[in-house]
Amino acid sequence: MKRRTLLSSAAALAAPLAPLAARAAEPLKELRLDYATYSPSSLVLRRFGWLEEDFKKDGTAVKWVFSAGSNRALEYLNASSIDIGSSAGLAALLSRANGNPIKAPYIYSRPEWTALAVRKDSPIQSVKDLKGKKVAATKGTDPYLFLLRALPVFGLKRSDVEIVALQHADGKTALEQGRVDAWVGLDPLLAASELDAGTRLIYRNVAFNTYGFLDVREDFLRERAAETRRVIAGYERARKWIIANTTEAAKILSEEAKVSLQVALLQLKLRTDLSNPQPSQEHVAALKAASPILLSEGLVKPGTNLDKVVTDLVDTQFARSVLQSSAAAA
């Protein structure tokens, strides 16, 4: 009797688990990704439909959502509106430190995409001249954090300038119309303002530009590891295609961002490094070096262990097999 009772109990316990296991094995109904003009690989992927082609056999629809900046991509991830999104590394670190459950298993670029800019006729020549001035910036993005890191280099504090919170495109317009004194721009908008409006860059520092991270919601990465690997493989295909077809990729960027081909070429050829997509200790070290600004500016809770947040964010192992397979097939 005891044996039958135990077997019956085990069967009863297993019964509700069976549907759960079946559901876990079901194909994904919809894969939700962002695309952004600051992530050329996402534009190439979307244009050619490579992920749609790959996931079609599973009956999975691919939905693309436009991100106007890292802040938008991270908001969408935090709200579970997308599964995978693109952002700057320091912006992703800030978001994770403030509770956004994301991991970063892939580097889509090493850009110099931001700098401090003023109008061509502005008397401002240096960051130190910004004291008491209005500076447009998109909060929660690499340009905003670039500004906060640049100010102390020239002996200024955040309170020494008036930060006008505007999305990147609105910041460009505000600068060119003279409604702000400076703008912390983002390519391709920054490159367009330089070439089309004569905007001057008063401070560049490639070390203050953090990497382009592909961010994945932790629950999606855990439950849909195979699908995430396929997305990364798609990004790898796009990365290699851009390297081999830079002018064609620039044409796609110019069409999507509504900028000239010259602007797109400036962004892709001179300000975008696509050579190292594997997250590594290089990226961990760069974020740890940049992270003190988040504490000193009160952007995270006092006492936050940012070194641990960096380690939790940057996944240096997940994409390794995908990248090795891609390299072997090349």
Side-chain angles (χ1 to χ4, degrees), residues 27-70 72-74 76-77 81-88 92 102-111 113 187-188 211-217 220-221 224-259 264-265 267-269 272-279 315 318-319 321-323 325-327 329-330:
L28 186 65
K29 290 183 179 179
E30 185 176 69
L31 172 66
R32 300 166 302 168
L33 308 163
D34 84 332
Y35 68 103
T37 57
Y38 56 83
S39 173
S41 293
S42 69
L43 303 182
V44 169
L45 261 179
R46 181 170 174 265
R47 174 64 62 93
F48 291 135
W50 290 335
L51 289 178
E52 286 86 343
E53 179 184 342
D54 178 31
F55 282 92
K56 184 178 180 180
K57 57 182 176 287
D58 299 329
T60 301
V62 176
K63 179 182 178 181
W64 294 96
V65 177
F66 179 69
S67 288
S70 293
R72 291 288 182 258
L74 293 163
Y76 298 152
L77 284 162
S81 299
I82 60 174
D83 307 306
I84 301 175
S86 46
S87 76
I102 54 173
K103 301 282 281 186
Y106 182 82
I107 305 297
Y108 63 81
S109 73
R110 170 64 166 117
W113 51 21
D187 275 343
Y211 300 82
F213 281 54
L214 195 66
D215 306 313
V216 186
R217 292 199 337 268
F220 187 86
L221 186 64
R224 295 290 181 176
E227 288 87 347
T228 304
R229 288 189 181 92
R230 288 161 67 182
V231 171
I232 290 173
Y235 265 84
E236 266 299 278
R237 184 178 178 183
R239 181 183 72 88
K240 290 180 176 179
W241 187 88
I242 293 172
I243 292 171
N245 304 274
T246 306
T247 300
E248 291 302 312
K251 289 178 181 177
I252 293 173
L253 174 59
S254 70
E255 292 169 10
E256 292 288 342
K258 296 179 174 57
V259 296
L265 285 168
Q267 177 182 346
L268 276 180
K269 285 195 170 183
T272 303
D273 179 358
L274 298 170
S275 64
N276 183 17
Q278 171 64 54
D315 191 322
F318 185 86
S321 62
V322 177
L323 297 173
S325 298
S326 177

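Residues Ser81 and Val65 have side chains not in contact (no heavy-atom distance under 4.5 Å, counting atoms from C-beta outward). In this structure, Val44 and Trp50 have side chains that are in contact, with non-hydrogen atoms separated by less than 4.5 Å. By the 4.5 Å heavy-atom criterion applied to side chains, Pro277 and Glu236 are counted as neighbours.
Put simply, OG on Ser42 and CD on Glu256 are 8.5 Å apart, with the number rounded to the nearest 0.5 Å. Taken to the nearest 0.5 Å, the CH2 atom of Trp64 stands 9.0 Å off from the CG atom of Leu43. Atom-to-atom distance recorded for Lys258:NZ and Thr37:OG1 is 10.5 Å, nearest 0.5 angstrom. In this structure, the separation between CD1 on Ile107 and CG on Leu274 is 12.0 Å, given to the nearest 0.5 Å. To the nearest 0.5 Å, the span separating OG1 on Thr247 from CG on Leu268 amounts to 9.0 Å. Note that the CG atom of Leu45 and the OH atom of Tyr35 stand 13.5 Å from one another [nearest 0.5 Å].
Salt-bridge formation is detected for the pair Arg230/Asp58: a Lys NZ or Arg NE/NH1/NH2 atom is positioned less than 4.0 Å from an Asp or Glu carboxylate oxygen. Note on Lys251 versus Glu248: salt bridge recorded, some NZ/NE/NH1/NH2 to OD/OE distance being below 4.0 Å.
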Is there a side chain to side chain contact (heavy atoms under 4.5 Å, CB included) between Glu227 and Phe55 once you walk through the steps? CA-CA 9 Å; Glu227 288 87 347; Phe55 282 92; 3.7 Å; yes
With side chain to side chain contact (heavy atoms under 4.5 Å, CB included) as the test, would you mind laying out the steps for Thr246 and Lys269 before giving the verdict? CA-CA 7 Å; Thr246 306; Lys269 285 195 170 183; 3.7 Å; yes
Take Phe220 and Leu28 through the test side chain to side chain contact (heavy atoms under 4.5 Å, CB included) and record every step on the way to the result. CA-CA 11 Å; Phe220 187 86; Leu28 186 65; 3.9 Å; yes
Kindly determine whether Val216 and Phe318 satisfy side chain to side chain contact (heavy atoms under 4.5 Å, CB included), including the steps that lead there. CA-CA 12 Å; Val216 186; Phe318 185 86; over 6 Å; no
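Listed by chain and residue number, Asp34, Tyr38, Ser67 satisfy the side chain to side chain contact (heavy atoms under 4.5 Å, CB included) test with Ala73 (two or more places apart in sequence, or in another chain). By the ring-ring contact (aromatic ring centres under 6.0 Å, His included) test, Tyr76 is found to be paired with no residue, residues two or more places apart in sequence or in another chain being considered.
Heavy-atom minimum distance, Arg229 versus Ser321: NE-OG, 4.3 Å. The minimum heavy-atom distance linking Leu31 with Thr60 is given by the pair N-CG2, 3.8 Å. Here the closest non-hydrogen pair linking Glu30 and Asp83 is O-OD2, 4.0 Å. Residues Gln267 and Pro188 come closest through the heavy atom pair OE1-CB, 2.9 Å. When all heavy atoms of Asp215 and Ser86 are compared, the closest pair comes out as OD2-C, 4.4 Å. Nearest approach of Pro279 to Ala104, heavy atoms of both residues: CG-O, 4.1 Å.
Using cut-offs of 30° and 60° for the angle between ring planes, the Tyr108 and Tyr235 rings count as tilted.
For Tyr106 and Phe213, the distance between ring centers is not under 6.0 angstrom.
Formation of a donor-acceptor pair under 3.5 Å by the Thr228 side chain with backbone atoms of Leu221 is not found in this model.
In Lys57, the NZ atom is crowded: over 12 heavy atoms of neighbouring residues, nucleotides or ligands sit closer than 6.0 Å.
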